[in-house]
Amino acid sequence: MAVSNERIHDAEALCPHRLVLEHVTSRWGVLVLIELLERSYRFSELRRAISRYGGRGVSEKMLTQTLQTLERDGLVHRDAKPVIPPRVDYSLTGLGREAAHQVRRLAEWTHERMDRVEQARRAYDEARDIQSRAS
């Protein structure tokens, strides 16, 4: 079921900051922003670049939706050239570059601290396991 434009605008009016944060930190939003920091990409190039991060690659539909959302938020610029075959390049706007630097720093932080996160997870799981055996 499609979400109406009215419901989208209502949600934006209630908490516009949260929605932008969701767009920027979404699974694919993060990767799009980080990749576009390096250079502009054509759609298929960007899709391949994002797929290098492992796991399942992004679908065409999801990448299209992510790019449209980031473009609407003023973070991504879509440059459609009137040639045959059509050529569309995606790049970051100034605002998008600011957001991408922040997101990349957060990604770097998670990479740098992953050993501590894994240690905390093990400690949590062990404590829960001991607690469940005691009950």
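All residue numbers in this chain count up from 1 along the given sequence. Basis for what follows: all heavy atoms, side chains included, without hydrogens, waters or symmetry-related copies.
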Donor on one side chain, acceptor on other, Y90 and E71, under 3.5 Å:
no
Taking the side chain as every heavy atom from C-beta outward, state whether Q102 and E98 have any pair of such atoms under 4.5 Å apart.
no
Atom CG of L19 and atom NE2 of H17: how far apart are they, to the nearest 0.5 Å?
10.5 Å
Might you point out which heavy atoms bring V32 and L70 nearest each other, and give the distance in Å?
CG1-CD1, 3.8 Å
Do R52 and E35 have side chains that get closer than 4.5 Å, going by heavy atoms?
yes
Value rounded to 0.5 Å, distance of CE in M62 from CZ in R27
9.5 Å
Evaluate whether atom NZ of K61 has more than 12 neighbouring non-hydrogen atoms of other residues, nucleotides or ligands under 6.0 angstrom away.
no
Salt bridge (charged side-chain N to carboxylate O under 4.0 Å, His left out) between R133 and D129: does it pass, once the steps are laid out?
CA-CA 6 Å; R133 278 191 251 145; D129 189 41; 2.3 Å; yes
Could you measure the distance from the CD1 atom of I50 to the OG1 atom of T66? Nearest 0.5 Å is fine.
7.5 Å
Side-chain heavy-atom pair L21, R18 within 4.5 angstrom cut-off:
no
Write down the atom of A107, the atom of I34, and the distance for their closest heavy-atom approach.
CB-CD1, 3.9 Å
Between atom CZ of R97 and atom CG of L75, what is the distance when rounded to the nearest 0.5 Å?
12.0 Å
Is L36 close to Y41 at the side-chain level, that is, under 4.5 Å between some pair of heavy atoms?
yes
Going by the side chain to side chain contact (heavy atoms under 4.5 Å, CB included) test, name the single residue among E118, R116, E112, H111 that passes it with M114.
E118
4.5 Å side-chain heavy-atom contact, R105 and H101:
no
If only atom types and distance count, is the side chain of R78 paired as donor or acceptor with the main-chain N or O of V88 below 3.5 Å?
no
Show the nearest heavy-atom pair for residues G57 and S51, with the distance to one decimal.
CA-OG, 3.5 Å
Reported CZ-to-CD distance for the pair R122 and Q119, which is rounded to 0.5 angstrom:
6.5 Å
Can you tell me how far CZ of R128 sits from OG of S132, rounded to the nearest 0.5 angstrom?
8.0 Å
Using the rule that Ile, Leu, Val, Met, Phe, Trp and Tyr join whenever any side-chain heavy atoms are under 4.5 Å apart, tell me whether L106 and L95 fall into a single cluster.
no
Locate the shortest heavy-atom distance separating L92 from A100; write the atom from each residue and the value.
CD1-CB, 3.7 Å
Please determine if R47 forms a cation-pi arrangement with F43, meaning its NZ or CZ atom is less than 6.0 Å from the six-membered ring centre and no more than 45° off the ring axis.
no
